[in-house]
There are 2 protein chains.
Amino acid sequence: MKRPNPKRAPASRGRPRTFDVDRALDRALTVFWRKGYEGASLPDLTRAMGINRPSLYAAFGNKEQLFRKAMDRYAQGPAAYALCALEAPTARAVFERLLCGGIDMLTNPRNPRGCLAVQGALACGDAADNVRKELIARRASLVTALQDRFERARSEGDLPPDSDPAVLARYAATVLHGLSIQATSGATRQEMQRIVEMALRAWPT
Amino acid sequence: MKRPNPKRAPASRGRPRTFDVDRALDRALTVFWRKGYEGASLPDLTRAMGINRPSLYAAFGNKEQLFRKAMDRYAQGPAAYALCALEAPTARAVFERLLCGGIDMLTNPRNPRGCLAVQGALACGDAADNVRKELIARRASLVTALQDRFERARSEGDLPPDSDPAVLARYAATVLHGLSIQATSGATRQEMQRIVEMALRAWPT
DNA sequence: CGCGTTTTGTACTGCTCGGTACAATTTAGG
DNA sequence: CCTAAATTGTACCGAGCAGTACAAAACGCG
C-alpha cells in the first residue's frame with residue numbers, strides 16, 4: 001500500500017495545468033452549440049479553448065466525451081431553466097415558464113442561436129450516431145419529467161381529470177423545440193413571445 | 001448491352017447514361033435526408049445512387065448542387081403537402097391540413113425520420129454555411145406563404161379582424177418543425193396526432 | 001469503317017479529420 | 001540533487017474527405 005491518500009488532497013506531483021478546465025469546457029460548449037457535434041472540428045475546439053490537442057485529450061478523453069461533458073454543463077447552465085420550470089406552482093405556470101425561459105435562453109445574445117440538445121446532432125453521419133442517440137435520450141427525459149409533473153398536477157386537481165399529461169408534455173416539448181428552429185432561423189424575441197402567447201391558448205383551463 | 005433508356009432519347013451523340021438521373025436523385029435525397037448535408041459523404045451518396053463519382057459530378061455538378069437539386073425534389077415530392085395545404089378553403093383547414101400532412105410525411109415508413117428542411121443543415125461547420133442559409137430561406141418562404149394565405153383569409157372574414165396572420169403563420173411553422181423533432185426522436189403517429197389536436201385548440205374561432 | 005462525343009471506371013490529388021508518440025518542461029517528494 | 005509524475009508543444013499517423021485526370025468504352029454520324 002503506497003498511498004493511503006487516494007484523491008482527497010490533490011497533491012498534484014507533476015507539472016500543473018496552465019488553463020482552467022471549466023473555462024475551457026465553456027468555450028468548447030459554445031463551439032458545439034454553434035456548429036453541432038460533426039461541424040465542430042478539433043482545430044475549432046482547441047483554438048476556442050486556448051489549449052493544444054494533447055491537453056484536450058488528457059483533460060477530456062476524446063471528442064465525444066468532451067461533447068458529453070459540454071452537454072452536462074449546458075443542462076446545468078443555459079438549459080437549467082427547463083428543470084427550474086418544473087417547480088412552478090401550477091401546470092400552466094410550468095408550461096409558461098418553460099417556454100418563456102426558452103425564449104430568454106434562445107434570444108440571449110451571449111448564446112449561439114438555437115438549442116444544443118436539438119441541433120447538436122439531429123441528422124448526422126454514422127460516426128456521430130452515439131451522440132445523436134444521446135441527445136434523443138436527453139430530449140426524451142425532458143418529456144418524461146414534464147409528464148410526471150403534469151400527472152402530479154392532475155392528481156392535485158390542478159388539471160382537468162380528462163386531460164392527458166403525456167400529450168401536454170409532448171405538446172410543450174414540440175413548441176419548445178419548434179421555437180429553437182425559429183431561433184436558428186433568426187426569429188426575434190417579440191415574435192417568439194407572440195408564438196408562446198398563442199401556444200398558451202391551447203392549454204386546458 | 002441493353003439500353004435502360006432513362007427518360008428520353010434526345011439523340012445524344014456520345015455514350016449513353018446507364019442510370020436514371022431522377023432515380024439517382026431520389027436515392028441521393030434519402031441519404032441527405034437521413035444523414036444531413038455534412039453527414040452524407042460522397043461514398044454514401046455514390047453507393048446509394050448506384051453510380052461512381054465522376055458520373056455524379058458530370059450529372060449534378062458537385063455535392064452542394066446535388067443537395068440543392070435534392071431539396072427541389074423534396075419540396076415538389078414528399079414536402080408538397082405544405083404548399084398543397086395552402087389551398088384549403090379556410091385558414092383553420094390550412095393549419096390542420098399542414099400539420100396532418102406533416103404527420104403523414106413524417107410517419108411514412110418509406111421516408112427517413114424528420115424533415116429535410118429542418119435537419120439538412122441546422123448547425124454545421126463553415127463549409128456547409130451556404131446550405132444552412134439556403135434552408136433558412138426555404139423555411140422562411142413557408143412562413144411567408146402561410147402569412148399571405150392567412151392575410152387573405154382575414155380579409156375574407158375567415159379570421160377575426162384582431163388576429164395576426166404573421167403570428168398564426170409562425171405558430172404553424174413552430175408546431176410543424178417541433179413535430180419534425182418529435183419524429184426524429186421516435187414519436188409515433190398517434191402521439192403526433194394528439195399533439196396536433198391540442199395545437200388546434202389555440203386557433204382563433 | 002473512322003471520327004468526334006459523351007460516359008464509365010480506376011486511380012489519383014491535396015486537404016482535413018480525429019487521435020497520438022515523443023521529447024522537453026515543470027512541479028513534488030525523497 | 002535526483003527521480004517520478006504530470007502537462008506542454010511539435011510533429012506525426014492512418015483514414016476519410018471532396019473533387020479530378022485520364023484512358024478505355026460505347027454511342028451517332030458520315
Side-chain angles (χ1 to χ4, degrees), chain A residues 2-21 23-24 28 31-32 35-70 121 124-131, chain B residues 1-21 23-24 28 31-32 35-68 70 121 124-131:
Chain A
K2 306 177 195 173
R3 319 221 75 202
N5 196 357
K7 75 162 57 166
R8 167 59 69 186
S12 65
R13 231 160 60 140
R15 178 174 176 172
R17 279 214 177 90
T18 62
F19 66 94
D20 183 336
V21 175
R23 193 169 190 82
V31 175
F32 281 130
K35 302 195 167 186
Y37 177 73
E38 274 187 324
S41 70
L42 263 295
D44 287 337
L45 292 164
T46 53
R47 197 183 322 120
M49 299 165 86
I51 65 179
N52 49 31
R53 217 181 284 230
S55 297
L56 188 154
Y57 278 82
F60 301 102
N62 60 14
K63 189 185 179 185
E64 181 173 335
Q65 291 176 285
L66 174 62
F67 181 83
R68 291 185 132 87
K69 286 174 175 132
C124 49
D126 303 320
D129 214 53
N130 287 336
V131 172
Chain B
M1 176 191 271
K2 240 194 281 189
R3 227 172 67 160
N5 195 353
K7 282 185 73 173
R8 243 187 265 179
S12 62
R13 255 210 346 218
R15 178 174 176 174
R17 280 216 176 87
T18 62
F19 66 95
D20 183 333
V21 175
R23 192 169 190 80
V31 175
F32 282 130
K35 301 193 169 189
Y37 177 73
E38 275 186 323
S41 70
L42 263 295
D44 287 336
L45 292 164
T46 54
R47 197 183 321 123
M49 299 166 85
I51 65 178
N52 49 30
R53 217 181 286 230
S55 297
L56 188 153
Y57 278 83
F60 302 102
N62 60 14
K63 189 184 178 185
E64 181 173 336
Q65 290 175 290
L66 174 62
F67 181 83
R68 291 185 132 88
C124 50
D126 303 322
D129 214 53
N130 287 335
V131 172

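Chain letters run A, B, ... following the sequence lines, proteins first and then strands; every chain starts at 1.
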Visitor: Once you round it to whole Å, what is the distance between P of C/dC17 and CD of A/Glu64?
Guide: 18 Å
Visitor: How long is the line joining OH of B/Tyr57 and P of D/dA18, in whole Å?
Guide: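 From B/Tyr57 OH to D/dA18 P: 7 Å.
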Visitor: Rounding to a whole Å, what distance do you find between B/Leu56:CG and D/dC17:P?
Guide: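 Whole-Å distance recorded here is 14 Å.
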Visitor: Heavy atoms only: give me the nearest A/Ala59-A/Lys69 pair and the separation to one decimal.
Guide: O-NZ, 4.4 Å
Visitor: Quick check: does any side chain N or O of B/Glu38 sit under 3.5 Å from a backbone N or O of B/Gly125, one acting as donor and the other as acceptor?
Guide: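 Yes, the answer is positive, given that a donor and an acceptor are paired below the 3.5 Å cut-off.
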Visitor: Distances for protein N/O vs nucleotides 3-7 of chain C N/O pairs under 3.5 angstrom?
Guide:
from: C/dG4; atom 1: N2; to: B/Arg13; atom 2: O; distance (Å): 3.4
from: C/dT6; atom 1: O2; to: B/Arg15; atom 2: N; distance (Å): 3.1
from: C/dT7; atom 1: O4'; to: B/Arg15; atom 2: O; distance (Å): 3.2
from: C/dT7; atom 1: O2; to: B/Arg15; atom 2: NH1; distance (Å): 3.3

Visitor: Once you round to the nearest 0.5 Å, how far does CZ of B/Arg23 lie from CD1 of B/Ile51?
Guide: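 Those atoms lie 13.5 Å apart.
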Visitor: Could you tell me how the ring of A/Phe32 sits relative to the ring of A/Tyr37: parallel (under 30°), tilted (30 to 60°) or perpendicular (over 60°)?
Guide: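 Parallel: the ring planes of A/Phe32 and A/Tyr37 meet at under 30°.
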Visitor: Provide, to the nearest angstrom, the distance between the NZ atom belonging to B/Lys35 and the C1' atom belonging to D/dC17.
Guide: 14 Å
Visitor: What's the shortest heavy-atom distance between B/Ala48 and B/Val31, and which atoms?
Guide: CB-CG2, 3.4 Å
Visitor: Would you jot down, in residue-number order, the residues of residues 38-52 of chain A having a non-hydrogen atom under 4.0 Å from DNA chain D?
Guide: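 Under 4.0 Å from DNA chain D: A/Asn52.
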Visitor: Using only modelled atom types and a 3.5 angstrom limit, is any donor from either the side chain of A/Arg53 or the base of C/dG19 paired with an acceptor on the other?
Guide: yes
Visitor: With sequence neighbours left out, which residue pairs that include part of residues 56-66 of chain A fulfil the side chain to side chain donor-acceptor pair (under 3.5 Å) condition?
Guide: A/Glu64-A/Arg68
Visitor: What is the distance, rounded to the nearest whole Å, between atom CZ of B/Phe60 and atom P of D/dG19?
Guide: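 Computing the B/Phe60:CZ to D/dG19:P distance gives 14 Å.
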Visitor: Write down the distance between CG (A/Asp20) and P (D/dT7), rounded to a whole number of angstrom.
Guide: 14 Å
Visitor: Set out, in order, the CA-CA distance, both residues' side-chain angles and the distance that settles side-chain contact (heavy atoms from CB on, under 4.5 Å) for A/Leu66 and A/Met49, then state yes or no.
Guide: CA-CA 12 Å; A/Leu66 174 62; A/Met49 299 165 86; 4.1 Å; yes
Visitor: Compare every heavy atom of A/Ala121 with every heavy atom of A/Val131, then report the nearest pair and how far apart it is.
Guide: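 Result for this residue pair: CG1-CB, 3.9 Å.
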Visitor: Taking all heavy atoms of B/Ala58 and all of B/Arg17, pick out the closest pair and write down the distance.
Guide: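 Heavy atoms only, the tightest pair is O-NH2, 4.3 Å.
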Visitor: In whole angstrom, what separates A/Asp126's CG from C/dC17's C1'?
Guide: 16 Å
